[in-house]
Amino acid sequence: MGLLKEDIETEAEWIIECFESDGISLDYSVNSLLQLDIFFEKNSKDGKPLPDGRLSTDPGIILFAIGAYIGQTFLKNDPGAEWITDDSDPQGDLNAAVRFSTGEMVWPMQRAVGRLKNGLKDSIYPYAYELMKNHNIEPFDSGFWNIRE
């Protein structure tokens with residue numbers, strides 16, 4: 001593997017291709033993050049991947065790629081945001097952070113892991129929407145409230 005920042009960019013693009021193979025479009029918009037919450041609802045239950053779901057094979061790689069996509073979405077919607085990574089950290093893939101132009105920091109890969117473990121309590125879309133409200137011109141997609149249907 002290369003530098004963590006390069007891996008993040010590569011994996012974010014990979015997860016877009018994976019979702020496209022299922023007919024789901026991810027376009028780095030904040031509203032596209034709703035698709036990640038829907039994905040978790042369809043492929044996990046009680047903090048664990050469903051046996052025949054998309055998370056059942058190598059969930060660590062998938063969670064990293066989802067976290068990478070979340071972070072890249074933040075970067076594309078806040079031009080002053082940047083990845084903070086440490087290639088010498090053995091847990092660097094989990095500890096990669098995004099620092100917003102405001103100085104606030106978030107950990108997208110940890111959010112993806114938390115979404116799997118804690119379900120809707122750690123939803124991605126409303127969390128990201130709130131973080132990006134000063135940069136986001138898209139209205140909140142109220143379809144989020146129906147993702148369990």
Side-chain angles (χ1 to χ4, degrees), residues 4-5 7-85 91-149:
L4 188 51
K5 286 182 184 179
D7 293 342
I8 288 168
E9 291 175 13
T10 300
E11 293 303 309
E13 290 298 317
W14 175 77
I15 205 70
I16 290 171
E17 291 173 16
C18 291
F19 272 64
E20 280 178 1
S21 71
D22 285 339
I24 300 166
S25 177
L26 297 178
D27 60 6
Y28 293 113
S29 66
V30 174
N31 280 6
S32 73
L33 297 173
L34 174 59
Q35 296 304 318
L36 302 180
D37 281 313
I38 293 169
F39 171 82
F40 279 104
E41 286 300 299
K42 289 181 178 178
N43 291 284
S44 64
K45 184 174 181 169
D46 299 326
K48 297 189 181 346
L50 291 174
D52 294 330
R54 292 283 192 199
L55 285 164
S56 64
T57 305
D58 226 342
I61 291 172
I62 297 168
L63 292 173
F64 177 79
I66 288 173
Y69 178 79
I70 295 167
Q72 288 294 97
T73 299
F74 291 151
L75 267 65
K76 291 184 186 294
N77 287 277
D78 178 353
E82 64 180 333
W83 280 105
I84 305 299
T85 61
Q91 296 269 325
D93 54 347
L94 186 60
N95 294 327
V98 169
R99 181 173 41 218
F100 291 102
S101 58
T102 61
E104 183 175 8
M105 289 181 59
V106 296
W107 291 261
M109 285 63 157
Q110 291 181 19
R111 189 66 183 198
V113 171
R115 179 61 175 88
L116 173 62
K117 290 182 178 179
N118 302 317
L120 283 172
K121 176 182 164 191
D122 281 341
S123 294
I124 296 164
Y125 175 59
Y127 167 78
Y129 192 87
E130 183 64 24
L131 286 169
M132 299 301 300
K133 67 183 173 191
N134 293 329
H135 301 281
N136 190 16
I137 59 171
E138 305 166 48
F140 186 82
D141 187 338
S142 62
F144 171 78
W145 305 114
N146 302 318
I147 64 174
R148 281 202 166 159
E149 293 178 353

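If you read the sequence from its start, that first residue is 1, and numbering goes on from there.
Considering only heavy atoms from C-beta on, Tyr28 stays 4.5 Å or farther from Leu75 through its side chain. Between Ile15 and Leu36 there is no side-chain heavy-atom pair separated by less than 4.5 Å. In this structure, the side chains of Tyr69 and Leu33 come closer than 4.5 Å at one or more pairs of heavy atoms. Side-chain contact check for Met109 versus Leu63: every heavy-atom pair is 4.5 Å or farther apart. In this structure, Ile66 and Arg115 have side chains that are not in contact, with every pair of non-hydrogen atoms separated by 4.5 Å or more. Using a 4.5 Å cut-off on side-chain heavy atoms (C-beta onward), Ile147 and Leu34 make contact. Counting heavy atoms from C-beta on, the side chains of Phe64 and Trp14 never come closer than 4.5 Å.
For Asp58, the salt bridge (charged side-chain N to carboxylate O under 4.0 Å, His left out) criterion is met by no residue, not counting sequence neighbours. By the salt bridge (charged side-chain N to carboxylate O under 4.0 Å, His left out) test, Glu82 pairs with Arg99, sequence neighbours left out. Taking Lys133 as the reference, Glu130 meet the salt bridge (charged side-chain N to carboxylate O under 4.0 Å, His left out) condition, with sequence neighbours excluded. Every residue was checked against the salt bridge (charged side-chain N to carboxylate O under 4.0 Å, His left out) condition with Arg111, not counting sequence neighbours, and none meets it. Not counting sequence neighbours, the partners of Phe100 by the ring pair (Phe, Tyr, Trp, His ring centres under 6.0 Å) test are Phe74. Not counting sequence neighbours, the partners of Phe19 by the ring pair (Phe, Tyr, Trp, His ring centres under 6.0 Å) test are Phe39.
Nearest approach of Lys45 to Leu50, heavy atoms of both residues: CB-CD2, 3.8 Å. Residues Ser32 and Asp27 approach most closely at CB-OD1, 3.3 Å, considering heavy atoms. Of all heavy-atom pairs between Asp122 and Gly114, the closest is OD2-O, 3.5 Å. For the residue pair Glu104 and Leu131, the shortest heavy atom distance occurs at OE2-CD2, 3.3 Å. Residue Val106 comes nearest to Tyr127 through the heavy atom pair CG1-OH, 3.3 Å, listed as atom of the first residue, atom of the second, then distance. The minimum heavy-atom distance linking Gly71 with Trp83 is given by the pair CA-CZ2, 3.4 Å.
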(message) Determine whether Arg54 and Cys18 satisfy the following criterion, side-chain contact (heavy atoms from CB on, under 4.5 Å), listing intermediate values before the conclusion.
(response) CA-CA 10 Å; Arg54 292 283 192 199; Cys18 291; over 6 Å; no
(request) Using the side-chain contact (heavy atoms from CB on, under 4.5 Å) rule, take Val113 and Leu94 through it: C-alpha gap first, then chi angles, then the decisive distance, then the call. (result) CA-CA 9 Å; Val113 171; Leu94 186 60; 4.0 Å; yes
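Under a 3.5 Å cut-off, the side chain of Tyr129 and the backbone N or O of Glu138 do form a donor-acceptor pair. Judged by distance alone, with hydrogens and angles left aside, the side-chain atoms of Ser44 form a donor-acceptor pair with the main-chain N or O of Phe40 at under 3.5 Å. A donor-acceptor pair is defined here as one N or O able to donate and one able to accept, closer than 3.5 Å; no such pair exists between the side chain of Asp37 and the backbone of Ser123.
Remark: the Asn31 side chain and the Tyr125 side chain contain an N/O donor-acceptor pair separated by less than 3.5 Å.
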